[in-house]
Amino acid sequence: MKLASKKAKVGFFSLSCCEGCVLAVLDLEEKLLQAFKQIEIVESRLLMEKVKPSALRLDIAFVEGSVVSKHDLNKLQYIREKSDFLVALGACATIAGIPGIRNALPPGLKEKIKRQAIKPIKEKVFPLTAFVKVDYLLQGCSINEQEFLDFLNKFLHGAKPRLQEVPVCFECKLRENACLLLKGEACLGPVTYAGCDALCPSQNVQCIGCRGFTNDANFESLDALFKEIGLSRKERYNLFTYFNQLPEQLKHLKGDR
C-alpha cells in the first residue's frame, strides 16, 4: 500500500508500560516534524493536547506495552479492529518485556503481587501477538529511533519492512567490538535479534535480550558457556528471563531459585 499521495492516519497507543517507546518517538524532534508532512496523528495520549477516541480508521497503529489486564486486552482488540496495519512498539509489546518478568517469578511471590494489585490482572503477562495479528515488530527497550524512521519511510512508500534475521553479534563484528564472551562476561548477543547497532556491547555492557530471541538460537550452547564462565543456575535463569520467556531448551534451569 503506497500512501505518498495522502497523509497516513496514525495512532499511538499504550497498554501496561512506562511509555518510553512513544517518548523515544518524541525524541526525534525535527525529524518527526518532517514526517508530519506525510502522516496525521489522530490518536495519541502523549502526542496530542486533547485526547478523544477517534472513529476514524487508522492506516497504522503503533501499540506499546504488554497485556496485563482485561482492560489492556479490550483496548488492544479495539485498536486491531480499526487499524489496517498494527505495529508492536518495543519490548513490552513484542515479547512482554519488563512486565513479563512476573511470568518467571516463584509462585508464592506471584500470588502476593496478585493480591496487592489495584485492578484485576491476568495470571500471566502477554505480548500483543498472543491475542491479535501483529503486522510488524519494532523491537527493543526502548525502540531504536532510526529504525522507527526507516520503517515509516518504507511503509509510506509501499515497501514491505522486514525484520533483520541476524543476532547482535553480527553488528558487533561490523563495529569491530571486542567480544564480551571471550572476556569471560555473560552476554545474550548470540541469541538476540540485531537492529540496535550493538548499542550495549559497544559500551562494554552485556546484551540482556531486549529485542527478543532469534528463531535459530542455540540456547544450550550459550547456557553451557555461561556455566563455564561461572554463572550459577539462578543467575543464568534470571538472565535468560530478564526480557524473555524461558526457552523450552532451558527448562532445566527451573527449580528452587
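Residue numbers run from 1 in the order of the sequence given. Note: hydrogens, waters and symmetry copies are ignored here, and every other heavy atom, side chains too, is used.
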Next item on the list: Taking the side chain as every heavy atom from C-beta outward, state whether Leu180 and Val205 have any pair of such atoms under 4.5 Å apart.
Entry: no
Check: Mind checking whether Glu64 and Leu15 have side chains closer than 4.5 Å, heavy atoms only?
Finding: no
Return a table of donor-acceptor pairs under 3.5 angstrom between the side chains of residues 219-231 and protein atoms on other chains or two or more places apart.
unit_1, atom_1, unit_2, atom_2, d
Asp223, OD1, Arg236, NE, 2.8
Asp223, OD2, Arg236, NH2, 3.3
Asp223, OD2, His252, NE2, 3.0

Margin query: Tell me whether Phe213 shares a hydrophobic cluster with Ile98, the cluster being built from Ile, Leu, Val, Met, Phe, Trp, Tyr side chains joined at under 4.5 Å.
Written below: yes
Item checked: Asn244 side, atom CG; Cys210 side, atom SG - distance, nearest 0.5 Å -> 9.0 Å
Item checked: Test side-chain contact (heavy atoms from CB on, under 4.5 Å) applied to Ile39 and Leu156, step by step -> CA-CA 9 Å; Ile39 67 173; Leu156 292 173; 3.9 Å; yes
Checklist line | Chi angles and distances behind the side-chain contact (heavy atoms from CB on, under 4.5 Å) call for Val87, Phe148 | finding: CA-CA 10 Å; Val87 178; Phe148 172 84; over 6 Å; no
Checklist line | Residue pair Phe85, Tyr136: steps toward the ring-ring contact (aromatic ring centres under 6.0 Å, His included) verdict | finding: CA-CA 8 Å; Phe85 199 91; Tyr136 192 74; 7.2 Å; no
Next item on the list: Start with the C-alpha gap between Lys75 and Ile79, add the side-chain angles, then the distance that decides, and say whether side-chain contact (heavy atoms from CB on, under 4.5 Å) holds.
Entry: CA-CA 6 Å; Lys75 185 176 180 180; Ile79 297 166; 4.0 Å; yes
Checklist line | Within one Ile-Leu-Val-Met-Phe-Trp-Tyr cluster: Leu253 and Tyr242, side-chain cutoff 4.5 Å | finding: yes
Next item on the list: Evaluate the salt bridge (charged side-chain N to carboxylate O under 4.0 Å, His left out) criterion for residues Arg57 and Glu81: first the C-alpha distance (whole Å), next the side-chain angles of each, then the deciding distance (0.1 Å), finally the verdict.
Entry: CA-CA 9 Å; Arg57 281 202 63 79; Glu81 288 174 3; over 6 Å; no
Next item on the list: Compare all side-chain heavy atoms of Val168 with those of Leu188 and state whether any distance is below 4.5 angstrom.
Entry: no
Checklist line | Worked verdict on Asp84 versus Lys9 for salt bridge (charged side-chain N to carboxylate O under 4.0 Å, His left out) | finding: CA-CA 10 Å; Asp84 292 334; Lys9 290 182 170 53; over 6 Å; no
Check: Per the side chain to side chain contact (heavy atoms under 4.5 Å, CB included) rule, which among Thr94, Leu89, Leu137, Leu86 passes with Leu128?
Finding: Leu86
Checklist line | Transitive ILVMFWY side-chain link Leu26 to Phe36, under 4.5 Å | finding: yes
Next item on the list: Flag the pair Phe131 / Phe126 as yes when their ring centroid distance falls below 6.0 Å, and as no otherwise.
Entry: yes
Notebook entry, point to check: Taking C-beta and beyond as the side chain, do Gln206 and Pro201 meet within less than 4.5 Å on heavy atoms?
Noted result: no
Next item on the list: Might you point out which heavy atoms bring Ser16 and Pro99 nearest each other, and give the distance in Å?
Entry: O-CG, 4.0 Å
Checklist line | Value rounded to 0.5 Å, distance of CG in Leu152 from NE2 in His157 | finding: 9.5 Å
Check: Which distance, rounded to the nearest 0.5 Å, do you find between the CG of Asp27 and the OG of Ser142?
Finding: 8.0 Å
Notebook entry, point to check: Phe12: what forms a ring-ring contact (aromatic ring centres under 6.0 Å, His included) with it, not counting sequence neighbours?
Noted result: Phe62
Next item on the list: Identify whether Phe170 and Leu182 are in the same connected component of the hydrophobic contact network (ILVMFWY, side-chain heavy atoms under 4.5 Å).
Entry: no
Check: Taking all atoms of both residues into account, what is the closest heavy-atom pair of Cys187 and Leu181, and its distance?
Finding: N-CD2, 3.8 Å
Check: Would you call Arg45 and Glu19 a side-chain contact if the rule is heavy atoms closer than 4.5 Å?
Finding: yes
Next item on the list: Supply the atom-to-atom distance Cys169 SG to Asn177 CG, rounded to the nearest 0.5 angstrom.
Entry: 10.0 Å
Notebook entry, point to check: Looking at Asp135, Val134, Val63, which hits side chain to side chain contact (heavy atoms under 4.5 Å, CB included) with Arg80?
Noted result: Asp135
Checklist line | Gap between atom CD of Gln34 and atom NZ of Lys37 - 0.5 Å precision | finding: 4.0 Å
Check: So, for Ala61 and Ser83, which heavy atoms are closest and what is the spacing to 0.1 Å?
Finding: CB-OG, 3.2 Å
Notebook entry, point to check: If we only count heavy atoms from C-beta on, is the Thr214 to Thr192 side-chain gap below 4.5 Å?
Noted result: no
Next item on the list: May I have all residue pairs that pass salt bridge (Lys or Arg N to Asp or Glu O under 4.0 Å) and include part of residues 182-196, sequence neighbours excluded?
Entry: none
Margin query: Do the side chains of Glu43 and Lys82 get close enough for a salt bridge, i.e. N-O under 4.0 angstrom?
Written below: yes
Item checked: Residue pair Lys31, Gln146: steps toward the side-chain contact (heavy atoms from CB on, under 4.5 Å) verdict -> CA-CA 10 Å; Lys31 292 180 180 179; Gln146 186 58 49; 3.9 Å; yes
Checklist line | Nearest heavy-atom neighbours spanning Arg211 and Gly195 | finding: NH2-CA, 3.4 Å
Note to self: Do Val10 and Leu58 have side chains that approach each other closer than 4.5 Å (heavy atoms only, starting at C-beta)?
What the structure shows: no
Notebook entry, point to check: Is there a path from Leu138 to Leu32 through hydrophobic residues (I, L, V, M, F, W, Y) whose side chains come within less than 4.5 Å of each other?
Noted result: yes
Check: If every non-hydrogen atom of Ser66 is compared with every non-hydrogen atom of Cys92, which pair is closest and at what distance?
Finding: CB-O, 3.2 Å
Notebook entry, point to check: Side chains of Ile95 and Pro127: closer than 4.5 Å at any heavy-atom pair?
Noted result: no
